[in-house]
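Here the structure comes first, spelled out in C-alpha cells, and everything after it is commentary.
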Amino acid sequence: VKPHFTLTSTHSSLYTLPHLNIIMNQTMNRNSNTVIVFDYDDTLFPTTKYHAIMARQTEVSYMNKCQELQAKISEDEMKSLTNLSWCTFNLLSSYIKKYSNKNICIVSASSKG
C-alpha cells in the first residue's frame with residue numbers, strides 16, 4: 001500500500017514505501033566507512049508545517065506544547081502526520097537494519113529555539 005500524504009511543504013522530501021524498497025535493495029557492507037545522513041527539518045519531520053500549525057491563534061493558553069498542538073491541529077492533519085510518522089519510522093528502521101545505527105546520522109541546520 002502506497003501512503004498518501006497531505007501534510008507537505010515545498011521543502012519536504014517524503015519517502016514512499018516503493019521508493020524505500022528500491023533503496024534497500026542496494027547492497028552495502030554494514031561495517032563500511034560509509035555514513036548515511038538524513039536531514040531532520042522538512043525531510044524527516046515537517047518542520048515548516050508544524051510551525052504554521054503552532055502559529056494559529058487561539059484564545060486559550062496551554063500548559064505545554066503537546067496540548068497546544070492537539071488544540072490547533074485538524075483531524076486530517078493529525079492523520080497525515082501519523083502516516084508520515086510511520087513512514088519515517090519504517091524508513092529509519094530499514095536503514096538501521098541495512099546499514100547499522102553506527103553508519104546513520106540525523107542532522108539539522110536550524111537554529112536553537
Side-chain angles (χ1 to χ4, degrees):
V1 174
K2 183 177 177 182
H4 173 72
F5 300 106
T6 56
L7 187 67
T8 61
S9 74
T10 56
H11 299 88
S12 185
S13 298
L14 302 177
Y15 293 94
T16 63
L17 294 179
H19 181 152
L20 180 61
N21 289 335
I22 292 168
I23 292 170
M24 299 315 297
N25 284 333
Q26 299 171 0
T27 59
M28 180 179 161
N29 180 349
R30 289 172 53 93
N31 298 318
S32 75
N33 292 330
T34 301
V35 176
I36 309 296
V37 179
F38 291 100
D39 178 55
Y40 181 76
D41 295 300
D42 288 328
T43 304
L44 295 178
F45 182 78
T47 309
T48 301
K49 182 66 174 181
Y50 170 79
H51 288 299
I53 292 168
M54 295 303 278
R56 294 175 184 163
Q57 298 298 313
T58 62
E59 299 293 323
V60 181
S61 72
Y62 302 96
M63 297 291 290
N64 58 52
K65 293 284 186 185
C66 184
Q67 286 180 348
E68 183 178 359
L69 178 62
Q70 288 174 340
K72 293 179 175 183
I73 195 167
S74 73
E75 187 175 328
D76 285 343
E77 289 169 328
M78 183 58 85
K79 286 179 185 177
S80 293
L81 183 58
T82 300
N83 287 337
L84 177 60
S85 297
W86 278 110
C87 189
T88 301
F89 173 80
N90 289 329
L91 172 78
L92 293 174
S93 295
S94 296
Y95 268 82
I96 289 168
K97 183 178 177 182
K98 178 82 173 172
Y99 303 114
S100 98
N101 63 332
K102 294 176 183 172
N103 295 357
I104 297 172
C105 296
I106 299 173
V107 298
S108 176
S110 69
S111 59
K112 187 176 182 177

Hydrophobic cluster membership, with links at side-chain heavy-atom distances under 4.5 Å among I/L/V/M/F/W/Y: are L91 and Y40 in one? yes

Please name all residues satisfying side-chain contact (heavy atoms from CB on, under 4.5 Å) with Y50, sequence neighbours left out, ordered by chain then number. F45, M54, K65, L69

ring-ring contact (aromatic ring centres under 6.0 Å, His included): pairs with one or both residues in residues 54-80, sequence neighbours excluded: none

To the nearest 0.5 Å, what is the distance between CD1 on I104 and OH on Y95? 8.5 Å

Honestly curious: do M63 and V60 fall in one hydrophobic cluster under the side-chain, below-4.5 Å linking rule? no

Output for pair (D39 CG, C105 SG), nearest 0.5 Å, gives 12.5 Å

When rounded to the nearest 0.5 Å, the distance separating CD1 of I36 from CG of L92 is 11.5 Å

The criterion is side-chain contact (heavy atoms from CB on, under 4.5 Å); which residues satisfy it with S93, sequence neighbours excluded? F89

Please answer whether the main-chain N or O of T47 pairs with a side-chain N or O of D41 as donor and acceptor at a distance below 3.5 Å. no

For the atom pair OG (S80) and CG (D76), what is the distance rounded to the nearest 0.5 Å? 6.5 Å

Return the minimal non-hydrogen interatomic distance between I73 and R56, and the atom names on each side. CA-NH1, 4.0 Å

As an exercise, state the distance from CD1 of I106 to OG1 of T88, rounded to the nearest 0.5 Å. 9.5 Å

One should read off an interatomic distance between K72 NZ and Q57 CD, to the nearest 0.5 angstrom, of 6.5 Å

